[in-house]
Amino acid sequence: MPETVTVRHARLSDVEEILLFWTRSAEGKNVTDDAGGVAGLIQRDPLALLIAEVDGGVVGTVIAGWDGWRCHLYRLAVDPAMRREGMATLLLDHAEQRFRDLGGRRLDAMVLDGNDLAHSAWASAGYAAQPEWSRWVKPLK
Ligand SMILES: CC(C)(COP(=O)(O)OP(=O)(O)OC[C@H]1O[C@@H](n2cnc3c(N)ncnc32)[C@H](O)[C@@H]1OP(=O)(O)O)[C@@H](O)C(=O)NCCC(=O)NCCS
């Protein structure tokens, strides 16, 4: 990992760059992957979206979402050119510290069943699947 890597909270001025970064580095596309969705997150909770930067460019992200009840992790992604150097581990360390500071008790991440790469990364960070649970969704109209 480059020595110049830093982790900070995303600002509204980062939104477009983060969206571009996700198109080349993240898994799939979320219903909230647009300027309004990301800006809404930053406005709602300015400490939730963490970005790793090298030389002023985004090379990693994770959302550490706290709703006062649970600790949810989303959008863990690392630039394909900088993988396997500990960047995801660094971002998760920061996210976990945020949850610890907030009094969180357990962390969860939504992970696609077929994303073997993600399974390795989450397992290596100490997370385990709960096969008895499924996600139920309904679009809000
Ligand atoms: C998953 C992802 C975030 C991992 O980022 P990373 O910076 O490469 O991860 P790290 O270097 O911190 O690796 C941590 C551990 O995860 C595991 N791991 C990461 N990449 C792996 C790979 N290609 N094969 C096997 N294990 C892997 C290893 O155990 C690794 O530790 P090690 O390198 O000491 O063996 C990155 O591959 C990525 O952005 N993937 C696409 C987006 C994605 O699927 N995100 C997860 C959504 S749920």
Side-chain angles (χ1 to χ4, degrees), residues 1-140:
M1 184 162 45
E3 280 179 19
T4 53
V5 67
T6 53
V7 176
R8 67 168 172 86
H9 301 113
R11 299 184 277 262
L12 287 176
S13 54
D14 298 314
V15 168
E16 289 303 330
E17 189 183 351
I18 289 167
L19 288 167
L20 275 174
F21 169 76
W22 283 344
T23 60
R24 64 175 189 276
S25 308
E27 162 79 38
K29 188 164 170 28
N30 277 305
V31 70
T32 33
D33 276 5
D34 55 36
V38 181
L41 169 68
I42 294 170
Q43 283 163 335
R44 167 78 175 78
D45 182 350
L47 305 184
L49 176 46
L50 295 165
I51 61 178
E53 265 186 338
V54 171
D55 299 332
V58 177
V59 295
T61 60
V62 70
I63 296 170
W66 165 251
D67 57 14
W69 180 247
R70 289 185 179 167
C71 312
H72 300 291
L73 292 156
Y74 311 96
R75 273 326 204 194
L76 176 65
V78 169
D79 189 311
M82 293 195 185
R83 289 187 183 162
R84 217 60 203 271
E85 298 180 34
M87 194 83 73
T89 306
L90 177 71
L91 283 160
L92 288 176
D93 285 349
H94 279 74
E96 291 181 13
Q97 189 55 51
R98 160 163 221 235
F99 292 132
R100 219 172 271 121
D101 293 345
L102 288 164
R105 301 183 189 184
R106 187 185 62 186
L107 320 179
D108 66 63
M110 281 193 317
V111 186
L112 277 173
D113 288 342
N115 189 345
D116 294 335
L117 178 55
H119 293 188
S120 301
W122 288 110
S124 144
Y127 295 71
Q130 281 191 314
E132 68 276 27
W133 290 89
S134 300
R135 183 181 184 207
W136 291 38
V137 299
K138 173 185 172 181
L140 195 58

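Read the numbers this way: they start at 1 and go in the same order the structure lists the ligands and their atoms. Fair warning: this is a prediction, and the values are worked out from it, not measured in the lab.
- Ligand 1 places these atoms under 4.0 Å from at least one heavy atom of G86: 10 (P), 11 (O), 12 (O).
- At the top of the distance list for atom 39 (O) of ligand 1, counting protein heavy atoms only, stands V78 N, 2.8 Å.
- Distances from atom 47 (C) of ligand 1 to the heavy atoms of V62, L76, T61, D79 put L76 nearest.
- The closest donor-acceptor contact from the side chain of R24 to the backbone of D79 lies at 3.5 Å or more, if one exists at all.
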Begin with the C-alpha distance, continue with both residues' side-chain angles, and end with the deciding distance and a verdict on side-chain contact (heavy atoms from CB on, under 4.5 Å) for F99 and L73. CA-CA 10 Å; F99 292 132; L73 292 156; 3.7 Å; yes

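- Within the listing of ligand 1, atoms 39 (O), 41 (C), 42 (C) sit less than 4.0 angstrom from a heavy atom of S25.
- For ligand 1, the atoms sitting less than 4.0 Å from at least one non-hydrogen atom of W122 are 48 (S), numbered in the order shown with element in parentheses.
- Only side-chain heavy atoms of S124 come within less than 4.0 Å of ligand 1; its backbone N, CA, C and O stay farther off.
- The T89 neighbourhood of ligand 1 comprises atoms 10 (P), 12 (O), 14 (C), with distances under 4.0 Å to a heavy atom of that residue.
- Listed by number with element, the atoms of ligand 1 under 4.0 angstrom from any heavy atom of A121 are 1 (C), 16 (O), 17 (C).
- Screening I63, L49, D14 for a side chain to side chain contact (heavy atoms under 4.5 Å, CB included) involving V38 leaves a single residue, L49.
- Counting only heavy atoms from C-beta outward, the side chains of C71 and E96 never approach each other to under 4.5 Å.
- Protein heavy atom at the shortest distance from atom 26 (N) of ligand 1 is S120 CB, 3.3 Å.
- Between the side chain of E17 and the backbone N or O of V58, at least one donor-acceptor pair lies under 3.5 Å.
- Close contacts between ligand 1 and L117 involve ligand atoms 20 (N), 21 (C), 22 (C), 23 (N), 37 (O), 40 (N) [criterion: under 4.0 Å to a heavy atom].
- For N115, every heavy-atom contact with ligand 1 shorter than 4.0 Å involves the side chain, none the backbone.
- Per-residue contacts place M110 under 4.0 angstrom from the following atoms of ligand 1 (heavy atoms of the residue considered): 48 (S).
- The closest heavy-atom contact to atom 40 (N) of ligand 1, among the options E85, M82, R83, comes from R83.
- Proximity of atom 35 (O) of ligand 1 to the protein is indicated by at least one non-hydrogen atom lying closer than 4.0 angstrom.
- With hydrogens and angles ignored, the 3.5 Å screen pairs no side-chain donor or acceptor of H119 with any backbone N or O of G114.
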Apply side-chain contact (heavy atoms from CB on, under 4.5 Å) to residues D33 and R75 and explain how you reach the verdict. CA-CA 10 Å; D33 276 5; R75 273 326 204 194; 2.4 Å; yes

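- Side chain of N30 to backbone of T32: no donor-acceptor contact under 3.5 angstrom is found.
- Of the listed options P80, A125, A88, A88 places a heavy atom closest to atom 7 (O) of ligand 1.
- Of the options H119, M1, R84, the smallest heavy-atom separation from atom 20 (N) of ligand 1 is shown by R84.
- Using modelled atom types and a 3.5 Å distance limit, the side chains of D93 and Q97 yield no donor-acceptor pair.
- Side chain of D101 to backbone of R98: no donor-acceptor contact under 3.5 angstrom is found.
- Close contacts between ligand 1 and A77 involve ligand atoms 39 (O) [criterion: under 4.0 Å to a heavy atom].
- In terms of modelled atom types and a separation under 3.5 Å, the side chain of R135 and the main chain of M110 share no donor-acceptor contact.
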